[in-house]
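Got a structure for you, written out below as structure tokens; questions coming shortly.
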Amino acid sequence: MSGSLNRPVRRRAFVLGGAAAGTAALAGPLATAATAAAFGWSDDGSNYVVDTGASLVFKVSKSNGDLTSLVYRGTEYQGYGGKNSHIESGLGTSTVTITQSGTTILISVAHGTLRHYYAARSGENNIYLWTHKADTSVSATRYIVRVKAGLFLNDEPDSYTYAPTVIESADVFAKPDGQTRSKHYAKRRVIDYSAIGWTTGSVGLYVVRSNHEKASGGPFYRSLLRHQSADGGGLYEILYYGENQTEAERFGLQGPYVIAFTDGGTPSSSLFPGTLTTPWADSLGISGYVAASGRGRVAGVGISGRDTAYAYTVGLANPAAQYWGSARSSDGWFSIGGVLPGTYTLKVFKGELAVHTTSVTVTAGATTTLNTIAIASSNDPANASAIWRIGTWDGTPAGFKNADLMTYAHPSDVRAAAWTGNVVIGGGGGETASFPAYIWKDVNSGLLVYFKLTAAQAAAAHTLRIGVTTAYANGRPQVTVNSWVSSIPSPPTQPSTRSLTVGSYRGNNNTFTYSVPASAWLTDTSRYNVLRIDVVSGSGTTSYLSAGTSIDALDLLA
């Protein structure tokens, strides 16, 4: 069976807390492996040792709350490079306590204002984790499970095991064949996965993500998920990383997220965000814990005005929490449960582009039901009549040259098509596939788009639109049409950290508009008008770290 919750609970006598555990074990990755016996816990002097009564035994350091041992079916999985698994980069000296309540064991870690928790349930090969972050005294919010080398096949392109050449910031690497690797290249958005891990076919080790209600960035955020190096592998739960963030950090309790061992398959869907319930944790005294009875739901009967070629997502967000759910393709019905009480901004996304915004209030124990949401035609830029259009208005660079590759590779990757090259409208199609997903000041600024106008079109002024999904170093487009030059637009608010080179185009969608006067066009309808797009900014460095931007779509309105 792949689902660890499906394993029957074995009838075993509980080992009461504090019982002797035999020879004291070393703390850290080389801690002596324990073997599964009966559900319970013991103290080896340096660690609390928890036996789940199934096939999993784990240890937590009494001094700093690190996970120092992770033994499944007698094999130690935890640790590489002399490092443990832990919240952040390790908390340092902490107060660590343990309690047992029936079939649940809870380890509590207190470090300043931060609280972290490990819970085990009798007969399960899972560790449930919560993290309560109250302020910025700890810089980021992540948990990393460090896994010994050689236990799982390095089978996906997010690894950098054999990538010896550093090409950017000590965390992006190139293989001898020119392919690039980085722990940043996760491919998946948060909405795209529930669990991340590895399997041998007979053993699986996964981290099942939380619902990310206290994370930042929304459903389309991308960040570290896993990596492998010569030392070993890492599995991540990233809640706030400070890289390419589009929202302020949220504080409070996040979880549970789950370290899950399986018989080789993916974890049981009963552990997934949206389906996992933890009534057994209601009375454990976890800081900031809100039971299901203290939460509400938002449901919508439908969404009209949709383009059925696209998936739609409904998101809720306020400074304290965030949630999202998919709208049903047939009618736009949606339901988002487990929501903390409060007033939220509700956004409807076509792909990743917000096309409707309103407000909704959620109360505990109740469902807020919304009548059909009508997307105004003017809210979807794709509805505007255009003389020509390159790309699709969906909030992503999908369809543009190199767009898909950029979620798991560096722009310099040998697999990338040339970032340069001009586009001719009406030249046989393929304009979008020929237009680069990203434009940098130092790489391919000055791209040219050739197009013809009829006499009637050339006699009128037109609006040119360029939609972007993010920008690096305040990069934004200035345009030249024949001999007419636009002003330099002000930079919109965008993340200040790397984005385009670490697998993410997700920033803040923004549309630049340029009012091109009739005098700019060529009056000879047999000749091509020339649109030049330059990236301007006084920031950035060189090459792929020069000022740049990611393109959503561009068009010339009729």
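What you see below is based on every heavy atom in this structure, not just the backbone, and it leaves out hydrogens, waters and symmetry mates. One-based numbering along the sequence shown.
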Worksheet item: Is the backbone of P381 close enough, under 3.5 Å, to the side chain of R465 for a donor and an acceptor to pair up by distance?
Response: yes
Item to complete: Could you tell me the separation between the CG atom of L340 and the CZ atom of R295, rounded to the nearest 0.5 Å?
Response: 4.5 Å
Worksheet item: Any luck finding a side-chain donor-acceptor pair between S550 and T469 under 3.5 Å?
Response: yes
Item to complete: State plainly whether the residues D524 and K452 are in salt-bridge range, i.e. N to O under 4.0 Å.
Response: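 No, no charged N to carboxylate O under 4.0 Å.
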Discussion item. Between Y310 and D394, is the side-chain hydrogen bond (donor to acceptor under 3.5 Å, both in side chains) condition met? List the steps.
Written reply: CA-CA 8 Å; Y310 296 88; D394 64 356; 5.2 Å; no
Item to complete: Examine distances only and state if a side-chain atom of Q322 and a backbone atom of H212 form a donor-acceptor pair shorter than 3.5 Å.
Response: yes
Worksheet item: Counting only heavy atoms not in D135, do more than 12 sit closer than 6.0 Å to its CG atom?
Response: yes
Item to complete: Determine, using ring centers only, whether H116 and Y143 are less than 6.0 Å apart.
Response: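 When the ring centroids of Y143 and H116 are compared, they turn out to be within the sub-6.0 Å range.
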Worksheet entry | Pair E213 + R250, salt bridge at N-O below 4.0 Å | no
Discussion item. Between S210 and Y257 (side chain of the first, backbone of the second, donor and acceptor by atom type, cut-off under 3.5 Å), is there such a pair?
Written reply: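 Judged by distance alone, no pair lies under 3.5 Å.
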Discussion item. Would you compute the distance between atom OG of S216 and atom CD1 of I238 and round it to the nearest 0.5 angstrom?
Written reply: 12.5 Å
Worksheet item: Where do N444 and W440 come nearest, in terms of heavy atoms and distance?
Response: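 Residues N444 and W440, closest heavy atoms: OD1-N, 2.8 Å.
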Discussion item. Which heavy atom of Y312 sits nearest to which heavy atom of I375, and what is that distance?
Written reply: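 Y312 and I375 have their closest heavy atoms at CE2-CD1, 3.8 Å.
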Discussion item. Just checking R328: does its CZ atom have more than 12 heavy atoms from other residues, nucleotides or ligands closer to it than 6.0 angstrom?
Written reply: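 Yes, because the 6.0 Å sphere around CZ of R328 holds more than 12 heavy atoms from other groups.
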Discussion item. With a 3.5 Å distance limit and no angle check, can you tell me whether T367 reaches the backbone of T369 through a side-chain donor-acceptor pair?
Written reply: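 Not at all, since once roles are kept as given, no pair shorter than 3.5 Å links the two residues.
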Fill in: D404 to Y408 - nearest heavy-atom pair and separation
O-CE2, 3.5 Å
Response to the item:
Between A327 and I303 the two heavy atoms that sit nearest each other are CB-CD1, 3.9 Å
Fill in: Flag for Q478-R476: side-chain donor and acceptor within less than 3.5 Å
no
Discussion item. Let's go through W280 and Y128 carefully: what are the C-alpha distance in whole Å and the side-chain angles of both, what is the deciding distance for ring-ring contact (aromatic ring centres under 6.0 Å, His included) to 0.1 Å, and is it a yes or a no?
Written reply: CA-CA 12 Å; W280 49 267; Y128 299 84; 4.9 Å; yes
Worksheet item: Are the aromatic rings of Y241 and Y236 close, with centres under 6.0 Å apart?
Response: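 Here the rings of Y236 and Y241 have centres that are no less than 6.0 Å from each other.
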Worksheet entry | Worked check of salt bridge (charged side-chain N to carboxylate O under 4.0 Å, His left out) between R498 and E168 | CA-CA 11 Å; R498 288 180 299 162; E168 184 178 300; 3.0 Å; yes
Discussion item. Rounded to the nearest 0.5 Å, what separates atom CG in L225 from atom CG in D192?
Written reply: 10.0 Å
Worksheet item: Distance-only, no hydrogens or angles: does the E247 side chain make a donor-acceptor pair with backbone N or O of G217 under 3.5 Å?
Response: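 Yes: the side chain of E247 pairs with the backbone of G217.
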Discussion item. Testing the 3.5 Å rule here: is there a donor-acceptor pair between the side chains of N211 and Q254?
Written reply: yes
Worksheet item: Is a side-chain donor-acceptor pair under 3.5 Å present for S504 with N244?
Response: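 Looking only at side-chain atoms, S504 and N244 do form a donor-acceptor pair, the distance falling under 3.5 Å.
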Worksheet item: Can you check whether N508's main-chain N or O pairs, donor with acceptor, with T246's side chain at less than 3.5 Å?
Response: no
Worksheet item: Can you name the closest pair of heavy atoms from P397 and A437 and give their distance?
Response: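 That would be CB-CB, 4.0 Å.
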Discussion item. Within the 3.5 Å criterion, strictly below it, is a donor on W393 or D555 matched to an acceptor on the partner's side chain?
Written reply: yes
Worksheet item: Do the non-hydrogen side-chain atoms of I425 and V449 ever get within less than 4.5 Å of each other?
Response: yes
Discussion item. Whether the side chain of S537 engages the backbone of A473 through a donor-acceptor N/O pair (distance < 3.5 Å, no angle test) should be reported.
Written reply: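 Such a contact is found between S537 side chain and A473 backbone.
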Worksheet item: Does a side-chain N-to-carboxylate-O contact under 4.0 Å join K133 and E249?
Response: yes
Discussion item. Rounded at 0.5 Å granularity, tell me how far OG1 in T368 sits from CG in L370.
Written reply: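 It comes to 7.0 Å.
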Fill in: Point-to-point distance, once rounded to the nearest 0.5 Å, from CD1 of I466 to OG1 of T549
9.0 Å
Worksheet item: If you measure only the distance, is there a donor-acceptor pair under 3.5 Å linking the side chains of T513 and T463?
Response: no
Worksheet item: Is there a donor-acceptor pair under 3.5 Å between the side chain of W419 and the backbone N or O of N402?
Response: no
Discussion item. side-chain hydrogen bond (donor to acceptor under 3.5 Å, both in side chains), that's the test. Do T372 and S304 meet it? Break it down for me.
Written reply: CA-CA 7 Å; T372 298; S304 65; over 6 Å; no
Response to the item:
Paired with T180, the side chain to side chain contact (heavy atoms under 4.5 Å, CB included) test is passed by just one of D413, T501, L405, namely D413
Item to complete: Quick one: do S287 and Y117 satisfy side-chain hydrogen bond (donor to acceptor under 3.5 Å, both in side chains)? Show the steps, please.
Response: CA-CA 9 Å; S287 177; Y117 302 91; 4.6 Å; no
Item to complete: Answer whether the closest heavy-atom distance between the side chains of Q457 and I387 falls below 4.5 Å.
Response: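 Heavy-atom side-chain distance check passes, below 4.5 Å.
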Discussion item. Distance check, rounded to the nearest 0.5 Å: L316 atom CG versus T343 atom OG1?
Written reply: 11.0 Å
Practice prompt. Verify, without hydrogens or angle tests, whether R532 (side chain) and T480 (backbone) share a donor-acceptor contact under 3.5 angstrom.
Written response: no
Fill in: Sidechain-backbone polar pair: R222 side chain, R506 backbone, donor-acceptor under 3.5 Å
no
Item to complete: May I ask you to check if R209 and Y193 form a cation-pi contact, with NZ or CZ under 6.0 angstrom from the six-membered ring centre and within 45° of the axis?
Response: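 Here R209 passes the 6.0 Å and 45° test against Y193.
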Worksheet item: For the ring pair W521 and W484, is the centre-to-centre distance below 6.0 Å?
Response: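 Here the rings of W484 and W521 have centres that are no less than 6.0 Å from each other.
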Worksheet entry | Pair Q245-Y221, side-chain donor/acceptor within less than 3.5 Å | yes
Worksheet item: Just by distance, with hydrogens left out, do Y450 and N529 show a side-chain donor and acceptor under 3.5 Å apart?
Response: no
Discussion item. Can you tell whether the side chains of D380 and K350 come within less than 4.0 Å, N to carboxylate O?
Written reply: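 Looking at K350 together with D380, the answer is yes, because their closest N to O distance falls below 4.0 Å.
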Worksheet item: Quick one: do R142 and E237 make a salt bridge, cutoff under 4.0 Å?
Response: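 Salt bridge between R142 and E237, a charged N being under 4.0 Å from a carboxylate O: no.
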